[in-house]
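One structure is given below, encoded as C-alpha cells.
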Amino acid sequence: MLRKKECVAMLLAGGQGSRLYALTNNIAKPAVAFGAKYRIIDFPLSNCINSGIDTVGVLTQYEPLELNEYIGNGQPWDLDRAFGGVHILSPYQAKKKQSWFEGTANAIYQNISFMKKYNPDYVLILSGDHIYKMNYAEMLRAHKATGADCTIAAIEVPMKEASRFGILNTREDGSIYEFEEKPKQPKSNLASMGIYIFNAEKLFKYLEADDADPNSEKDFGKNVLPAMLNAGEKMFSYRFKGYWKDVGTISSLWESNMDLLEDDPAFDVSDPDWKIHSRNPLAPPEHIGDEAVVSNSLIALGCEVDGYVKNSVLASNVVVEEGATVIDSVLMAGTVVRKGAKVLYSIIDENVTVEEGAEVGESKESGKGIAVLGRNISVAGKIAGGEIIDKDHKGE
Amino acid sequence: MAHSAVGVIFSNIHDENIPELSRHRTMASIPYGGRYRLIDFTLSNMVNSGITTVGIVTKNNYQSLIDHLGSGKDWDLARKDGGIILLPPYSDETDAPYTTRLEALMGITGFLTHRNEDYVVITDCDGIARVDLQEILHFHEEKGADITMVYHEETEPAQSSYYITLQPDETGRVKGLKINPKLKNSKYDLYVNVMVMSREFLVNTIQDAVTRGLSSFGRDILTKNVDTLRIFGYKFGGYYATISSLQNYYSHSMELLQKEVRDELFGARDVYTKVRDSAPSKYIEGAVVKNSLISDGCVIEGTVENCILFRGVKVGKGSVIKNSIIMQDTVIGTNVSLDAVITDKNVVIRDRRHLAGCESLPYFIAKGRML
C-alpha cells in the first residue's frame, strides 16, 4: 500500500510580528509566550494533533532559533512520528536559485516537495499568530461535504473592525463569490481566519501558476485565492463560532492573556477533552508565601510569590518579592519583581529584573497604555505607561 | 572524566513501611511534593550524575510505576543504549518471586552481566535528596572500597521496619554495621539505602551467594564481612529525608514549605517528572493562599494555608484547608474545613464536611474515596 497522509498541515510561522515591538526582537511571533505556560504556536499545533492531523510543516524565516528549539522533535505535541510528525521548513539553497520565502504563497510553493512526499488529498494552511481551539477534522468534513476546491475558515467580527481583515462575501450556501483583502467599505463582517483547506492537486496547480506570474506578490489573500475564484473554482466558507484572537498587537496579546482569567473564562485552556500541549518547564510547584495576596490570576510552576498579585498572568519561575505589587500585567518566565516594586498594566518579557522600588507602567485607568519591557534587562526608577523599553532603548 | 555506572533502583522494598500509600502502588510511585513521585528524586539524581542506564526492580503493584515512567523520555532516559529498563520478578528455580534484596539481585544478574559500565549504584526510592552520585563514585575509587554505603546523620529514631546503622572510623572505613539496633535519642549514622560497588564485584558476590545458598544481603554479606571487605561509609551532609512512615511522609513533605529545603532540592539542577500538560493554576477572586505549594491545574476559590496541593486540585468557595497534603485531582467542595489531612488521588470531599487530624497523626483519606 502506498504510504500517504490524507491531510498535511502547513503552518506559516515566519512572521516577524513587528507590531509586538520589543517582544519579538529576537524571536518569531509564534514563539511568543502566552498564558503563563504556553507559546502562541502551541495552539495550532495542539489543534492539529487533537484533530488527528499528525503531519505538520512549520515554515520559519524570521529569528527561527528559539522556535526551532521549542518545537524540537515535536514530542510535547505527540508529533514525533516515524512517518509524518512535525518538521521545521526553513528557506534553503537550491540548484537553480536560492531565495527567502517571499510571501505566504511562495513559502508554501517552495515546499511543494515536502507535501508531495506524503501524497496528501488535502492541505491545511495555518498561521502561527492566533489563539483559538478548533477541530480541523470538522472543517475537513465540511470541505468534503460541499465538494469545494478550497474552504476558508471564517468568523464574524464587529463591522467597524472588518476593514482590518480579509473579508468573504458569501451566498446563502456558504459559497464565496467575492474576496476582499482589507476593504475600506466592507460588504460583510465575515472575516477570513487565515485557515484554508485545499484539494492538494488544485493547490499545487495554483501555486505553480502564481510562481510563474511576475506581477504576483505571492500572497494567499492577495493573489492565490482571488485567482482561484476568478477561474471559477469552488470556494466555500466554513463558519467558526468560538474564541479566536489575533495576538499580533501588544493590546490584543494583553487582552487575550486576560481572557484566561475569571471563574468562567472567555477562553478555557483547561478542557480535558481538548488539551493544549506545550513544552513544560522543569520546575517545582509554585510557592505562595505567608504575606502574599493572589487573586484572579494564573500562576505557573516555579513561581515564588510573596507580594501582591491581582488580575495577572505569571509564567514559570517568576519571583514577586515581599511588598511588591503586580496588577493587570503579564509576566513571562523568570522575571523578578523586587521588594516594593510596582508593576501596573504591563507586559514584561522573560528574565527581566524590576529593581527594588521601581515603578513600571501606570494603572489601566490612567489611559496611558500598556508598558512593555523586552527580555533580559533590568529596570530601576519609573517607566511611564505605554512606554516600550528593550536592550537598545533604555528608559529615561 | 565521569565514571561509568549503571543504576539499579528497588521500587518496592519499603512498601510495608507506609501501607496507606503503597496499597495500590509501589513505594517508587508514591506521590510527593506536589507534582512528583518518590522515584523522581532518585532518577533525577542518576540522570544529573550522568547515569543513563537504570534498571528498575519491581515486584508487585507496578502498573502505576509503568504508567508513570512510560518510555522514560521525561527523564531523558528513552535511550537507544540503556535508558530505563524495567526488571520484573524473575526466577528459574521456583515460581515464587523474590523475598529479599539478595534474591532480587540474583534475578537480575543477566542484566548486570550484559552491561559494560564499571560501577553499579544501587538505591531504594525512600530518599528525598539531591545527591551527586559522581562524587560518591569518585570517593569509592579513591578509597579503593569494595562497597561504599551512603549515610546521613540522624537524631530522630528510625521508623522503618528494616534499617542499618553504620559505625565508620575517621577514614570512612565501616568498622561496625548493625541491622535494626535499638536507638537511644542521640545522633546515629543511618545508612540511606544508596550503595556503590564495581559491577564485577557485585556480579561475583551474587554468584558466590547463589552457590552458598545465602539469602540476605544485609545479614549474610554486609554484617558477616565487615572485617574482611573494604566497606566505606560516605557521609552525605545535605538535606536527606528518608520516608519510612505516614507520619514522617507528612512531616518531610511539610519541610518543602521551607525555602532553604526547596532551594537545595530544586535549585540549580532539575528534578524530572512525568509531564501532564495541565493548565496553569488559577487563583479566583476571593482566594486566600498562604505559605503553600501549588501545582499546575489547580483552581482555588477558598483559603489554603500551609498546604501542598498536587496537580488538578479544586478548592471550592468558603472552604478552609490548613496543614494538609491534597493529592492529584482531589475535589474539595464549598465550606469544607480540613486540618492536617492527607487525601490520596481522586478524593471527593463534599460541601460542608469538617475533618481534622493532628501533626503526629494526619487524617488519611484513601484513593478515590468520596466523603
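So that the names make sense, note that chain A is the first sequence line, chain B the second, and so on, each numbered from 1.
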Counting only heavy atoms closer than 4.5 Å, note whether [X] contacts chain B via side chain, backbone, both or neither.
| X | answer |
| --- | --- |
| A:Glu304 | side chain |
| A:Ala315 | neither |
| A:Asp263 | both |
| A:Ile288 | both |
| A:Pro76 | backbone |
| A:Leu260 | backbone |

Approximate separation, where rounding is to 0.5 Å, of [X] [atom1] and [Y] [atom2]:
| X | Y | atom1 | atom2 | result |
| --- | --- | --- | --- | --- |
| A:Asn280 | B:Arg35 | CG | CZ | 6.5 Å |
| A:Gln75 | B:Asp74 | CD | CG | 6.5 Å |
| A:Asp306 | B:Lys259 | CG | NZ | 8.5 Å |

Tell me the residues of residues 35-51 of chain A whose non-hydrogen atoms fall below 4.5 Å from those of chain B, in number order. A:Gly35, A:Ala36, A:Lys37, A:Tyr38
Under a 4.5 Å heavy-atom criterion, the part of residues 290-299 of chain A in contact with chain B comprises A:Asp290, A:Glu291, A:Ala292, A:Val293, A:Val294, A:Ser295, A:Asn296, A:Ser297, A:Leu298, A:Ile299
Within the side chain of A:Lys275, is there an N or O that forms a donor-acceptor pair under 3.5 Å with the backbone of B:Ser278? no
Identify the residue among B:Ile294, B:Leu293, B:Leu309 that makes a side-chain contact (heavy atoms from CB on, under 4.5 Å) with A:Glu286. B:Ile294
Taking the side chain as everything from C-beta on, heavy atoms only, tell me whether B:Glu285 gets closer than 4.5 Å to A:Lys310. yes
A quick test of your reading: do over 12 heavy atoms of other residues, nucleotides or ligands sit less than 6.0 Å from CZ of B:Arg353? yes
State, to 0.1 Å, how close A:Ser278 and B:Asp277 come at their nearest heavy-atom pair, and which atoms those are. O-OD1, 3.4 Å
Option that, when pairs with chain B are counted at under 4.5 Å, heavy atom only, ranks first among A:Ser270, A:Gly289, A:Gly302: A:Gly289
